[in-house]
Amino acid sequence: MTIRKRGQLIAEVSGKPANIKLNTFSPGIFGSTTIQLFPQRVVEATKRIISSRNAEILVDEVDSVEIVKQGNPTGLWLGILTISIFGLGIIFLSLYVVVKRRFLIVRSKSNIQLLALKDDETLYQQFMESVLATAEGTKKEA
């Protein structure tokens with residue numbers, strides 16, 4: 001067995017694991033996700049109670065990095081379903097608009113790395129810029 005050296009760690013962020021279904025993101029309840037940036041790879045390590053995932057994307061294959069903010073779809077559906085009950089749905093609809101969940105997404109042609117943000121967005125924004133700068137530098141060299 002050979003262990004491959006990845007080089008020096010450039011940046012790292014961590015948060016909650018996240019799921020994607022029908023282009024809607026939802027944070028996981030248990031577990032953690034770490035995304036690390038190396039000179040040649042973006043590495044995701046997700047640990048959950050009964051499963052884990054390790055995924056790597058070559059930096060020159062990164063298509064986009066984004067921070068997505070969206071409301072909880074449960075609040076939207078509860079708001080629609082309960083709007084006729086004394087206007088109760090207005091509370092759920094306002095929560096859907098005001099309370100946003102945030103996700104960091106690294107996309108390539110064949111993979112997606114996803115994590116739910118847990119702290120201030122600034123660190124994740126810096127990570128996003130680092131990934132894009134590294135990818136741009138790698139593509140210029142080729």
Side-chain angles (χ1 to χ4, degrees), residues 1-83 85 87-142:
M1 172 189 281
T2 25
I3 298 176
R4 177 184 33 162
K5 262 191 167 178
R6 292 191 187 122
Q8 297 295 326
L9 179 65
I10 297 172
E12 175 179 292
V13 290
S14 59
K16 288 292 205 177
N19 306 309
I20 181 170
K21 290 181 185 168
L22 301 172
N23 206 25
T24 301
F25 306 105
S26 62
I29 298 171
F30 302 107
S32 64
T33 296
T34 301
I35 300 179
Q36 300 173 322
L37 173 63
F38 292 94
Q40 299 296 319
R41 298 178 187 274
V42 180
V43 179
E44 174 202 356
T46 299
K47 295 178 183 172
R48 299 177 190 247
I49 292 176
I50 57 173
S51 66
S52 64
R53 168 185 150 112
N54 291 312
E56 297 185 11
I57 298 175
L58 293 174
V59 169
D60 60 351
E61 292 182 1
V62 170
D63 289 332
S64 66
V65 183
E66 56 191 293
I67 294 177
V68 174
K69 299 175 188 175
Q70 64 180 204
N72 187 342
T74 306
L76 178 64
W77 286 109
L78 283 173
I80 292 170
L81 293 173
T82 60
I83 194 77
I85 304 172
L88 181 63
I90 294 172
I91 295 170
F92 291 116
L93 289 173
S94 62
L95 286 175
Y96 174 76
V97 172
V98 173
V99 179
K100 300 288 185 185
R101 300 180 302 177
R102 301 165 304 148
F103 302 92
L104 174 72
I105 304 166
V106 180
R107 295 181 192 263
S108 74
K109 292 179 179 107
S110 60
N111 199 348
I112 183 170
Q113 296 178 343
L114 176 67
L115 86 98
L117 280 60
K118 63 179 181 178
D119 292 325
D120 183 32
E121 196 174 303
T122 308
L123 176 68
Y124 300 96
Q125 188 76 30
Q126 291 170 353
F127 180 80
M128 183 173 82
E129 292 169 6
S130 297
V131 171
L132 292 175
T134 305
E136 185 177 346
T138 303
K139 288 179 183 178
K140 282 183 179 177
E141 289 175 4

Closest approach of L58 to R41 (non-hydrogen atoms, all atoms of both residues):
CD2-NH1, 3.5 Å

CD1-CZ distance between I10 and F127, expressed to the nearest 0.5 angstrom
9.5 Å

Evaluate the side chain to side chain contact (heavy atoms under 4.5 Å, CB included) criterion for residues I91 and L88: first the C-alpha distance (whole Å), next the side-chain angles of each, then the deciding distance (0.1 Å), finally the verdict.
CA-CA 6 Å; I91 295 170; L88 181 63; 4.0 Å; yes

Give the intermediate values and the outcome of side-chain hydrogen bond (donor to acceptor under 3.5 Å, both in side chains) for residues E44 and T46.
CA-CA 6 Å; E44 174 202 356; T46 299; 2.6 Å; yes

Nearest 0.5 Å please: distance from the CZ atom of R102 over to the CG atom of L115.
10.5 Å

Find the distance between CD (Q70) and CZ (F25) and round it off to the nearest 0.5 Å.
6.0 Å

Let me confirm one number: the CG-CD1 distance from L93 to I80, rounded to the nearest 0.5 Å.
6.5 Å

Only pairs under 3.5 Å count here: list side-chain donor-acceptor contacts from residues 103-112, not counting sequence neighbours, and write none if there are none.
{"residue": "R107", "atom": "NE", "partner": "E66", "partner atom": "OE2", "Å": "2.7"}
{"residue": "S108", "atom": "OG", "partner": "S110", "partner atom": "N", "Å": "3.4"}
{"residue": "S108", "atom": "OG", "partner": "N111", "partner atom": "N", "Å": "3.1"}
{"residue": "S108", "atom": "OG", "partner": "N111", "partner atom": "O", "Å": "3.4"}
{"residue": "N111", "atom": "OD1", "partner": "R53", "partner atom": "NH2", "Å": "3.1"}

Trace of the side chain to side chain contact (heavy atoms under 4.5 Å, CB included) decision for V42 with E56
CA-CA 6 Å; V42 180; E56 297 185 11; over 6 Å; no

Mind checking whether P17 and R48 have side chains closer than 4.5 Å, heavy atoms only?
yes

Side chain to side chain contact (heavy atoms under 4.5 Å, CB included) between I57 and Q113, worked out:
CA-CA 9 Å; I57 298 175; Q113 296 178 343; 3.7 Å; yes

At their closest point, which heavy atom of A116 faces which heavy atom of P27, and how far apart are they?
CB-CB, 3.8 Å

Do V43 and N54 have side chains that get closer than 4.5 Å, going by heavy atoms?
no

Decide yes or no on side chain to side chain contact (heavy atoms under 4.5 Å, CB included) for K118 and S14, but give the supporting numbers first.
CA-CA 8 Å; K118 63 179 181 178; S14 59; 3.9 Å; yes

Counting only heavy atoms not in K69, do more than 12 fall under 6.0 Å of its NZ?
no

When rounded to the nearest 0.5 Å, the distance separating CD of Q125 from OG of S130 is 10.5 Å

Determine the minimum heavy-atom distance between F38 and V59, stating which atoms define it.
O-CG2, 3.7 Å

With rounding to the nearest 0.5 Å, note down the distance linking CG in L114 to OG1 in T33.
8.0 Å

Nearest heavy-atom pair of P39 and Q8: which atoms, and what distance?
CD-O, 3.0 Å

